[in-house]
Number of protein chains: 2
Amino acid sequence: MSPISITIKDVARELGVSYSSISRALNGKEGVSKETRDKILEMAEKMGYQPNDLARGLVNKISKTVGVIVPDINNPFFGEIVAGITDASSENEYNIFLCVSGWSVKREKEYFNTLIQKRVDGIILKSVGDYNDYENIKSPLMIIERYDRNQKFDSVEVDNEFGGYLATKHLLECGYRKLGFISGREDDSACKRRLRGAQKALEEYGLTLNKDLVIEGSFSIEGGRVAAKQLFEKGQPIDAIFGMNDLIALGALQYCDETGISIPDEVGVVGFDNISYAGLPQIRLTTVHQPKYELGKMLFATLLEEIHNKEEKKPTKKIILNPELKIRKTTRAK
Amino acid sequence: MSPISITIKDVARELGVSYSSISRALNGKEGVSKETRDKILEMAEKMGYQPNDLARGLVNKISKTVGVIVPDINNPFFGEIVAGITDASSENEYNIFLCVSGWSVKREKEYFNTLIQKRVDGIILKSVGDYNDYENIKSPLMIIERYDRNQKFDSVEVDNEFGGYLATKHLLECGYRKLGFISGREDDSACKRRLRGAQKALEEYGLTLNKDLVIEGSFSIEGGRVAAKQLFEKGQPIDAIFGMNDLIALGALQYCDETGISIPDEVGVVGFDNISYAGLPQIRLTTVHQPKYELGKMLFATLLEEIHNKEEKKPTKKIILNPELKIRKTTRAK
DNA sequence: GCATATTTAACAAACGTTTGCTATGATGAA
DNA sequence: TTCATCATAGCAAACGTTTGTTAAATATGC
């Protein structure tokens, strides 16, 4: 009757050698002669020995595991970030726990807790709540799109304010003047900063951001569609929409399609993120590009640094990448 | 100097009680009086005690963790399946390790190994290689789109052959006769079965599947685009394309757009999966719907059953859901 | 050939839990 | 009062590793 799972001790018994030697041989540490090392390696291989990472983690206090919490894995923005993270992590022999909060603060907190219990080495988080809730966390934490006033955590993100500025300025340059804005969540920090950028652009044109024309929707196609409906039904004239992400912009486009509003003549639309579908010939959404995959890679790389230098308290890092305007066919030529 | 992480022993010391009592209290087991139980719970809470799941897993031999290996997280087909899996797992207090093989057999194998080492309770796998490689695995294994001749593993999937049949029959009913097929990978079992269904439909129309008109591409938009190019440049007349997934079909559409081929008059296109973008008003791709999210939920639920009944060897389960044809505007009316 | 340095390997403690067993004290029956 | 019963709580082993320390064996220097 073979054991469920064969351990270091089984190999040791088979070879009549102590298990400390097995451990050292397997980990390439010194203190074993080449001869016994080879013998051990061979036998371990032959017996199909697989180290138990739970036990390893317990003694090493390193689980080679990180947690990733995102609100929505089906939004390609997060999908691509996660792709970057998994690639970077597997290059470093790390595994990731994927947690999808579904925009629920409660679930996010629960996930955070179980990750702590799983003793992950670090966490990469896009919070839907308040980052300050995580203030006294001891494990390394990377923030996607941070905005904690205290700047307690490392973060990697695109310059959202500048992105919002680019998008809005473009609409204005195209001659649109009655801009509506569709945000994702009331207190999403990235949205806030994109709006701040928008305001800047408007001011350059002697305009001002009308709070009435900023609709709170949700970060999804359907959310964009209903928000667009609300926007148009307010009665105020609208000739352009800045959707805070591509999904929202896609939803707005859908609404215009349904109601026969012609794009880009009657109304111009610009999104944010540049998800892959935005570039399809049938869509060709004008949008602000974010280097999502690279963002993911950097998030992991920076987290890993943090993990390695856990001891020395270095100043928090805030890495900012540049967004880029992609002009396509949902805005008219200047 | 507070300890890095506070343990059961710290709580015990604080309370002057043995740690077995702590454990029993925390786990709601009997053998502790209500009085001490309350005292313990309160103190654990106050000290911010977080159980160590590594230690727990070590003794319980259950890690409350499952591994998921998919080829590509940015294909919404897998994205939605994973969403279903994560939702189901979090309902059951499980965490998932997300592994993205990038269609590489080597990476898939490596991931599989590390998952074993992490002592996951089970694995959900879409293999890009041969399932028989996993023949003598002891841990519960769920297969996405299985085709192991020996039927050794449980699986949940859509009836691919029927789906292929539906798509092809639809093209024929619309009057298209010169069908080209774009497959994802040479030996992808789902593709094979979709083609078998296609063959059946062709035969009903007295036609036969011409191997020359089956192109091996890759499961991506770009893959679909170049495969479509190849298909048309073969010189044989083509008036319809069945892309083995929506990404491929989208790529074919893109090629047609670039070369001025009009859809659906000159050429009809049908895809497979019904990813959310296929339904956008600008796209409206005719395709075969798969209930992806539900697939994910069932995959996890079935795996969990397996985990719980690990002992008794039950016959392998093969759950098959029905696909559904979504007729939209990339095929002309009958 | 002897003392010493060095390599190799074994022992045992530790990591943070769970749990079977035992000891203690209280309770109840006779 | 005495004995059996029972609820409560403590002890210690176990899970599968890593690693500091010690012991044995071999090699080195004179």
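Chain letters run A, B, ... following the sequence lines, proteins first and then strands; every chain starts at 1. Since this is a predicted model, take the numbers as computed values, not measurements.
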Closer to the 5' end of DNA chain D via nearest nucleotide, is it Leu26(A) or Glu35(B)? Glu35(B)
For residues Tyr134(B) and Phe153(B), establish whether the separation of their ring centroids is below 6.0 Å. no
Roughly how many Å is it from CD1 in Ile22(A) to C1' in dC11(C), rounded to a whole number? 15 Å
Please check the phosphate of dG16(C) (OP1 and OP2 only) for any side-chain N or O of Lys61(A) closer than 4.0 Å. yes
Any salt bridge between Lys46(B) and Glu14(B), counting N to O under 4.0 Å? no
Between dC15(D) (C1') and Leu58(B) (CG): distance, integer Å: 4 Å
Which word best sums up how the rings of Trp103(A) and Phe78(A) line up, parallel for under 30°, tilted for 30 to 60°, or perpendicular for over 60°? perpendicular
Using a heavy-atom cut-off of under 4.0 Å over every strand shown, decide if Asp53(B) touches base, sugar-phosphate, or nothing. nothing
Would you check, one step at a time, whether the test side-chain hydrogen bond (donor to acceptor under 3.5 Å, both in side chains) holds for Glu145(A) with Ser189(A)? CA-CA 7 Å; Glu145(A) 294 182 336; Ser189(A) 62; 5.7 Å; no
Pick base, sugar-phosphate or nothing for Ser21(A), based on heavy-atom distances below 4.0 Å to the nucleic acid. sugar-phosphate
Just by distance, do the side chain of Asp53(B) and the backbone of Arg56(B) share a donor-acceptor pair under 3.5 Å? no
Please check the phosphate of dT17(C) (OP1 and OP2 only) for any side-chain N or O of Tyr49(B) closer than 4.0 Å. yes
Quick one: is dG16(C) close enough that its OP1 or OP2 comes under 4.0 Å of any side-chain N or O from Arg56(B)? no
Side-chain donor/acceptor contact of Arg24(B) with base of dG10(D) under 3.5 Å: yes
Tell me which of Asn27(B) and Lys34(A) sits closer to the 5' end of DNA chain C, going by the nucleotide each one is nearest to. Lys34(A)
Ser20(A), nearest nucleotide to its side chain (from dC11(C), dT18(C), dC11(D)): dC11(C)
Please determine whether a side-chain nitrogen of the Lys or Arg among Glu305(A) and Lys317(A) lies less than 4.0 Å from a carboxylate oxygen of the Asp or Glu. yes
Heavy atoms under 4.0 Å, any strand shown: does Ser23(B) hit a base, just sugar-phosphate, or nothing? base
In this structure, how many angstroms lie between the P atom of dT17(C) and the NZ atom of Lys118(A), rounded? 14 Å
Can you check the Met47(A) CE to dG16(D) P distance for me, whole Å? 13 Å
Interatomic distance where CD belongs to Gln50(A) and P belongs to dG16(D) [whole Å]: 14 Å
Could you tell me whether the side chain of Thr7(B) has a donor or acceptor atom within less than 3.5 Å of a complementary atom in the base of dC15(C)? no
Separation of atom CD1 in Ile6(A) from atom C1' in dC15(D), rounded to whole Å: 15 Å
Rounded off to whole Å, could you give me the CG-to-C1' distance for the Asn52(B) and dG16(D) pair? 14 Å
Would you indicate which nucleotide in dA9(C), dT18(C), dT17(D) comes nearest to any side-chain atom of Ser33(A)? dA9(C)
Taking only the side-chain heavy atoms of Ser18(B) (C-beta and beyond), determine which of dT19(D), dG16(C), dG10(D) contains the nearest atom. dG10(D)
Answer with base, sugar-phosphate or nothing: what part of the nucleic acid does Lys9(B) contact at a heavy-atom distance below 4.0 Å? base
5' priority, DNA chain D, between Val32(B) and Val59(B) [closest heavy atom]: Val32(B)
Which residue, Tyr19(A) or Thr36(A), contacts DNA chain C at a nucleotide closer to its 5' end, judged by nearest heavy atom? Thr36(A)
For atom CZ of Arg119(A) and atom C1' of dT17(D), their distance in whole Å: 17 Å
